[in-house]
Structure formats: structure tokens, C-alpha cells
Amino acid sequence: MSTPSSMKAIVVEKLGGPEVLQVQPNHPIPTPTEGQLLIKNRICGINYIDTYFRTGLYPSPKPEILGREAAGTVAAVGPGPNPHNFQVGDRVAWLATGGYAEYTAVPAGKTVKIPEGISDEDVMGSFLSGLTVLTLAKETYAVQKGDWVLLHAAAGGAGFLMTQILKSIGAHVIGTAGGPEKVALVKSLGADHVIDYRSEEEKDWVKKVKEITGGRGVDVVYDSVGKDTWEGSLEAVKRKGTIVWFGNASGPVPPLPLNKLSPKCVKVARPTLFGYIETREEFEFYVNELFTLLKSGQLKVKIHQIYPLDQVAQAHTDLEGRKSTGKLLLKA
Ligand SMILES: NC(=O)c1ccc[n+]([C@@H]2O[C@H](COP(=O)([O-])OP(=O)(O)OC[C@H]3O[C@@H](n4cnc5c(N)ncnc54)[C@H](OP(=O)(O)O)[C@@H]3O)[C@@H](O)[C@H]2O)c1
């Protein structure tokens, strides 16, 4: 099938709320250059990072097509060497930019073939988020069996997968989540304790964590909420513990005076997925691990909703309004 010359794409021309996500029905389809593939996207993942680029919390040139990942088929292979042997028609998933569109030109080095037996939906429900949590649990802090772990936003896209990974390692998991439905969901994944940090009874979640751990605190905190939780995370971590700040759902952690870490000899990390999968070898290592977990059924995926491309503003509203559990997807 030949590729048309224009496509539907969601273009952000200026910073702002979900309303700046504008549908362009006749956007030019990019031409893949050397080292690139043109992908006909089928399903694109929505990630919290997309909102940071939309609002300007993370700078990026505008106009911009958001979307860091999609699954689809190879529509064209760019000129030059093709070391990973991609062919037109291959079913693939990619990590790059420009996913809120029918077609995207992406680096072949950040594209992988999807094995038989794994659906596009399961891959997109766990690709960027799942690769992230695998790197967080293996490299940022190597979680050990028996560790006490505090995981914020445990019912979210990343949190839903991280809870499962932590339990599979044998950690004791204390999750936080907003509201009884989210709490029940995280409990169903095997979390040992789940705190409803938005409820009147449990809003002092630090006290609760201290009670659960006999006053000791947790070995590691995974905090992607940021502004609203960072101080509590510092209190809830044990002496010689680690805090991994990996997101800003409520806003960024403010500049932190290092001497705040001294009393308990706390270690902190501020990782990003893309820093862990820079080389093809690193990327394939984590992708293979993820696909193995998906294929064996050891990792369950939860899709909140698949939105049509032109309802992306609603999807952002739902994500930022804390209305979702698991992953939000777009149908290209
Ligand atoms: N560093 C990396 O490489 C990397 C990669 C992937 C994701 N992340 C980060 O991981 C986090 C989760 O990403 P995601 O895409 O999976 O999103 P998500 O967890 O599905 O959604 C964010 C969740 O954060 C919680 N939250 C707490 N305070 C909030 C507030 N003021 N506004 C909105 N939400 C709030 C909400 O859960 P409750 O209602 O339960 O509080 C909400 O559902 C984000 O911070 C993201 O930036 C980082």
C-alpha cells in the first residue's frame, strides 16, 4: 500500500493546558532519513512526560508533535545501512518523539520488532512505563528480596507495573494511591500495605509508614509525585536509605539543600529512562526482559482507556485530573 502525503497529527504550537493539543488533519508525512524508519502508528502511549512538554516544565521546541512511544508497522525504511534488518510491514514498537500522529519517522536504533504472541495493546501498556520501572528496580536502586519499599502513585501507569516487579523480587511493598478504588487495585497486585494518601484518616502517610516499619523507615522510596510528597519521602526513608525521585506529577521537587540528607546519610537519585537505554545493547536488554515478562504472563498490563487521536485533550485532562489507573493509550 502506498503512503499518502498528509496525515492527521496533534500539534502543539504554544505552551498551555490540554486545549493546546490541536488536531491538524493535513499535516505532511515525514520522509525517513538515513537511520530512520517511517512507522504507520496504530497505538500510541500517553505518558505524564507529554504533559511536561505541553506545559513547558520540560523545554522543547514548538511547534511539536508530542508522544514518546507507539506501536505500528514499518511503512518505509530510510536510505543507507539497515543493521537491524527492518522490512516494510514489520510490526514494531518505538521510543522517540512525535507519536500523536498517524505516521512518525523514528530512529531505527530505538525501534524493535514485536514478537508473535504479544499484542500491540500490551506492548503500549508497558513499553515506556515498563522499561522505566525495570531500570528503576535494577539499576537506580537494586531492589533485594526483603527490602521495604515505599512506592507513590502505585495505581498509575508506571506504578501498576512497578508494584508487580517489586513483588516479583520479594520486596515488602507499601504503596500510596488516591481513593478506595485505586487502593483496592494496588492491593490486588499483592502490595503488602496500601495507604490512601488523599483520605482524611491516612493523609499523615509518613506516620503510617513509620508504624508499618516499626519506626525504622523504608529502604527505598520511589517518588514520582514530587512537590507534594518529597518532604514526606525524606522522613519516611530509613537511615542510610535511598530516595529515587523520578517524576513531577504534582510539580517538581524544589532545589534541595544537600545538608538535608546528612542526618540520616540518605542517598538520592534522579534518573530518566532514556539515560539507561542509550545504547542498542542496553535498549535490547530491557526490551527482551519486558517481552519475556509479557509473554509469560508474569507482568499484567492495565489499560485505562484507548482514546481516538482527536480526543487526546480529554486524555490529558483525565491523566492530570488523577482519574486514571494503569495506562492511557491513543488510537492513531
Ligand atoms: N524518569 C523517567 O524516566 C520516567 C519515566 C516514566 C514515568 N515517569 C514519571 O512517573 C510518573 C508516573 O507517570 P505515568 O505516566 O505512569 O502517570 P500516572 O502514574 O498514570 O499518573 C500520575 C499519577 O500521579 C498521582 N498524582 C499525585 N499527585 C498528583 C497531582 N497533583 N496531579 C496529578 N497526579 C498526581 C495520581 O495518582 P493518585 O491519584 O493515586 O495520587 C496520578 O494518577 C510521572 O511522574 C512521570 O513523570 C518518569
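Note that the structure is predicted; figures quoted are calculated from it, not measured. Just follow the structure's listing: the first ligand is 1, and inside any ligand the first atom is 1.
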Per-residue contact class, [X] against ligand 1 - non-hydrogen pairs under 4.0 Å:
X: Ala155; answer: neither
X: Leu273; answer: both
X: Arg270; answer: side chain
X: Thr132; answer: side chain
X: Leu128; answer: side chain

Heavy atoms only: which of Phe160, Phe246, Tyr52 is nearest to atom 48 (C) of ligand 1? Phe246

Return the option from Arg322, Lys327, Lys323, Arg198 holding the heavy atom at the smallest distance from atom 34 (N) of ligand 1. Arg322

Are Trp205 and His152 close enough that their ring centres sit under 6.0 Å apart? yes

Of all the heavy atoms in [X], does at least one lie under 4.0 Å from an atom in ligand 1?
X: Phe274; value: no
X: Ala177; value: yes
X: Gly159; value: no

Ring-plane angle category for Phe283 and Phe127, please: parallel below 30°, perpendicular beyond 60°, tilted otherwise. perpendicular

Whether His84 and Phe86 hold their rings parallel, tilted or perpendicular, with breakpoints at 30° and 60°: perpendicular

Among Thr242, Ile243, Val221, side chain to side chain contact (heavy atoms under 4.5 Å, CB included) partner for Val266: Ile243

Distance-minimising heavy-atom pair for Ile43 and Met124: O-CG, 3.5 Å

Among protein heavy atoms, which lies nearest [atom], and at what distance?
atom: atom 45 (O) of ligand 1; result: Ser224 O, 2.8 Å
atom: atom 16 (O) of ligand 1; result: Ala158 N, 2.8 Å
atom: atom 17 (O) of ligand 1; result: Tyr48 CD1, 3.6 Å
atom: atom 25 (C) of ligand 1; result: Ala153 CB, 3.9 Å
atom: atom 39 (O) of ligand 1; result: Lys182 NZ, 2.7 Å
atom: atom 32 (N) of ligand 1; result: Ala249 O, 3.3 Å
atom: atom 40 (O) of ligand 1; result: Gly178 N, 2.8 Å
atom: atom 18 (P) of ligand 1; result: Gly157 N, 3.6 Å

Matching residue for Asp219 among Lys238, Arg239, Lys145 - test: salt bridge (charged side-chain N to carboxylate O under 4.0 Å, His left out): Lys238

Under 3.5 Å between some N or O of ligand 1 and some N or O of Asn248? yes

Any atoms of ligand 1 less than 4.0 Å from a non-hydrogen atom of [X]? List them with their elements.
X: Val225; result: 27 (C), 28 (N)
X: Asn47; result: 15 (O)
X: Glu320; result: 32 (N), 33 (C)
X: Gly156; result: 18 (P), 19 (O), 20 (O)

What do you reckon, is CD of Glu282 surrounded by more than 12 foreign heavy atoms closer than 6.0 Å? yes

More than 12 heavy atoms of other residues, nucleotides or ligands under 6.0 Å from CD of Glu116: yes or no? no

Nearest 0.5 Å, please: how far is NZ in Lys327 from CD in Glu69? 4.0 Å

Do Asp50 and Tyr100 have side-chain N/O donor and acceptor atoms under 3.5 Å apart? yes

Do Arg280 and Val112 pass the side-chain contact (heavy atoms from CB on, under 4.5 Å) test, and can you show the C-alpha distance, the side-chain angles, and the key distance before you say yes or no? CA-CA 10 Å; Arg280 183 73 191 183; Val112 289; 3.8 Å; yes

Who passes salt bridge (charged side-chain N to carboxylate O under 4.0 Å, His left out) against Asp204, sequence neighbours left out? none

Just by modelled atom types, is the Ser126 backbone N or O under 3.5 Å from a matching donor or acceptor in the Ser129 side chain? no

For Phe246, what residues pass the ring pair (Phe, Tyr, Trp, His ring centres under 6.0 Å) criterion, not counting sequence neighbours? none

